Undergrad: 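My questions will all concern the structure given below.
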Amino acid sequence: MICREQDGYLVMLRQHEHGLLAGKFAEWFKEQHVPAEGRRAEVLRAVSNHDRGWIDLDETPFWNDAEGAPYTFMDFPLVPKLTFYRRGLDEIEADTPYGALLCSSHYERLIEVSGEDCPELTAYLKHEEDRRARIHRLLENSKPLAEGELYYDARLLQFCDDLSLYLGLSRPGTPKSEEHPWFRDGFSGSEDFSFTSGRLISAEWQDKTTLLLDPFPFTENVEVSFKLRRVSKKDVERKGIALAFSGTPEEECRITVASKPE
């Protein structure tokens, strides 16, 4: 679950909803910068489904007593998280082995950033290393990877994931000075895209419905919508997080991502 507090509410976005939003961004990414022999359809499915392992977990939020808030993707206990990571990757591999290779590498980067360690993590990393080696062998015997293909697609997944996460963690219209610290200096890795000329893509709200990006990564302005819930903290105190969440209707958030005027 992606969660932020706002005016007495917990604004909650399911991880798979966030993944589907990332997939929408990938669809509109400048195709001329995608390797000519790439696997576009597989990459789009992988980006959209990279967080599908969270689907069942996000049906009922869990309360973190230590933090006095719902568990989120950032602090959810590692061992069950790894179990659902693996399950999601298994489902992706059944659809697209290359997508599983891409998402497995993506998760490994996230785990490295977390700095956590335990025997279950060691076993998970070994399992995923074996998965990636198996998929590499499969691809070598069918459609070998082009030079730089996996690296480029990994950057695409990372950027679309980060941009979707930005929307989940940001109150629309937030001033640049109050931006989430993860993105204040721009989206990490975005300088690797050729059209940026080595610059980080940065975001800034024009108003409550329009987010400006510079350099602009899409073929045209992109209008997206995603579903979230604004769960009353008073309802959480009265009924608990599970009942408060299930009793809160989903609402649609609509955002236009546009190019920053010159």
Side-chain angles (χ1 to χ4, degrees), residues 1-27 47-78 80-81 83-85 87-88 91-92 103 106-107 110 114 157 160-175 178-183 203 205-211 222-257:
M1 194 74 68
I2 297 169
C3 182
R4 59 183 171 85
E5 294 190 32
Q6 180 181 327
D7 302 331
Y9 291 85
L10 298 171
V11 182
M12 305 181 72
L13 173 67
R14 298 179 195 229
Q15 284 288 116
H16 187 51
E17 183 74 14
H18 142 79
L20 294 174
L21 177 58
K24 293 176 185 176
F25 288 133
E27 288 181 28
V47 176
S48 294
N49 287 283
H50 76 274
D51 271 336
R52 67 173 299 104
W54 289 93
I55 291 175
D56 288 342
L57 282 175
D58 279 352
E59 280 300 308
T60 304
F62 295 83
W63 190 255
N64 185 340
D65 291 325
E67 297 295 331
Y71 275 111
T72 71
F73 71 101
M74 292 183 283
D75 56 15
F76 198 86
L78 179 63
K81 179 164 63 176
T83 299
F84 283 88
Y85 273 2
R87 176 171 149 183
E91 293 176 356
I92 294 170
C103 293
H106 181 68
Y107 278 141
L110 296 180
S114 74
L157 171 55
C160 295
D161 183 28
D162 283 348
L163 180 56
S164 176
L165 188 59
Y166 182 100
L167 293 183
L169 292 173
S170 300
R171 180 176 184 169
T174 299
E178 299 173 17
E179 192 173 42
H180 194 285
W182 287 359
F183 310 110
W205 289 100
Q206 176 175 282
D207 50 45
K208 292 183 178 181
T209 61
T210 305
L211 181 69
V222 180
E223 294 184 8
V224 295
S225 64
F226 53 96
K227 296 176 182 178
L228 49 76
R229 300 190 193 201
R230 299 180 191 273
V231 182
S232 166
K233 295 175 72 174
K234 290 183 179 179
D235 283 349
V236 173
E237 291 175 4
R238 289 202 314 267
K239 301 186 290 188
I241 186 60
L243 287 178
F245 180 81
S246 64
T248 300
E250 288 186 327
E251 60 182 80
E252 186 177 55
C253 181
R254 303 186 69 86
I255 300 293
T256 297
V257 182

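One is the number of the first residue; the rest follow in order along the sequence. Note that this is a predicted model, so its numbers are computed, not measured.
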Undergrad: I'd like to check the salt bridge (Lys or Arg N to Asp or Glu O under 4.0 Å) partners of R4; sequence neighbours left out, ordered by chain and number.
TA: none
Undergrad: Between W182 and L165, is a side chain to side chain contact (heavy atoms under 4.5 Å, CB included) present by the stated rule, with each step listed?
TA: CA-CA 10 Å; W182 287 359; L165 188 59; 3.6 Å; yes
Undergrad: Mind checking whether I2 and L169 have side chains closer than 4.5 Å, heavy atoms only?
TA: yes
Undergrad: If you count every heavy atom of other residues, nucleotides or ligands that lies below 6.0 Å from K208 atom NZ, does the total exceed 12?
TA: no
Undergrad: So do W205 and I255 actually touch side chain to side chain, heavy atoms under 4.5 Å?
TA: yes
Undergrad: Whether R171 and E178 form a salt bridge (side-chain N of Lys/Arg under 4.0 Å from carboxylate O of Asp/Glu) is what I want to check.
TA: no
Undergrad: Where is the tightest heavy-atom contact between T256 and E223, given as atom of each residue plus distance?
TA: OG1-CG, 3.5 Å
Undergrad: Rounded to the nearest 0.5 Å, what separates atom NZ in K227 from atom CG in L13?
TA: 12.0 Å
Undergrad: How close do H50 and I92 get, heavy atom to heavy atom, and via which atoms?
TA: CA-CD1, 4.1 Å
Undergrad: Rounded to the nearest 0.5 Å, what separation is found between the CG atom of L21 and the CG atom of D51?
TA: 11.5 Å
Undergrad: Rounded to the nearest 0.5 Å, how far does CG of D161 lie from OH of Y166?
TA: 15.5 Å
Undergrad: In chain order, what residues pass the ring-ring contact (aromatic ring centres under 6.0 Å, His included) check against Y107, with sequence neighbours excluded?
TA: Y85
Undergrad: Between L10 and R229, is any pair of side-chain heavy atoms under 4.5 Å apart?
TA: no
Undergrad: May I have the step-by-step check of side chain to side chain contact (heavy atoms under 4.5 Å, CB included) for R14 and E59, ending in yes or no?
TA: CA-CA 8 Å; R14 298 179 195 229; E59 280 300 308; 2.8 Å; yes
Undergrad: Atom CD of E91 and atom CD1 of I55: how far apart are they, to the nearest 0.5 Å?
TA: 6.5 Å
Undergrad: Quick one: CD1 on I241 to NZ on K233, what's the gap to the nearest 0.5 Å?
TA: 10.5 Å
Undergrad: Compare every heavy atom of S225 with every heavy atom of K24, then report the nearest pair and how far apart it is.
TA: NZ-O, 2.8 Å
Undergrad: Would M12 and E17 count as a side chain to side chain contact (heavy atoms under 4.5 Å, CB included) if you check the C-alpha gap in whole Å, the side-chain angles of each, and the deciding distance to 0.1 Å?
TA: CA-CA 11 Å; M12 305 181 72; E17 183 74 14; over 6 Å; no
Undergrad: Is there side-chain contact between L163 and L211, with heavy atoms separated by less than 4.5 Å?
TA: yes
Undergrad: I want to check something: taking the side chain as every heavy atom from C-beta on, are W63 and V236 in contact at a cut-off of under 4.5 Å?
TA: yes
Undergrad: Closest heavy-atom contact between E179 and T174?
TA: N-CG2, 4.1 Å
Undergrad: Please examine the side chains of P70 and F62, heavy atoms only from C-beta on, and report whether any two atoms are closer than 4.5 Å.
TA: no
Undergrad: Go through it in stages, so that I can follow the logic: the residues are F73 and L110, the test is side chain to side chain contact (heavy atoms under 4.5 Å, CB included), and I'd like the CA-CA distance, side-chain angles, deciding distance and then a yes or no.
TA: CA-CA 11 Å; F73 71 101; L110 296 180; over 6 Å; no
Undergrad: Taking all atoms of both residues into account, what is the closest heavy-atom pair of N49 and H16, and its distance?
TA: OD1-CE1, 3.5 Å
Undergrad: Working to the nearest 0.5 Å, report the span between CG of L78 and OG1 of T83.
TA: 9.0 Å
Undergrad: Kindly list each side-chain donor-acceptor pair under 3.5 angstrom involving residues 244-251, sequence neighbours excluded, with atom names and distances?
TA:
unit_1, atom_1, unit_2, atom_2, d
S246, OG, A242, O, 3.2
S246, OG, L243, O, 3.2
T248, OG1, A244, O, 2.6
E251, OE1, R230, NE, 3.4
E251, OE2, R230, NE, 2.7

Undergrad: Atom OH of residue position Y9 - does it have more than 12 heavy atoms of other residues, nucleotides or ligands inside 6.0 Å?
TA: no
Undergrad: Can you name the closest pair of heavy atoms from C3 and T72 and give their distance?
TA: CB-CG2, 3.9 Å
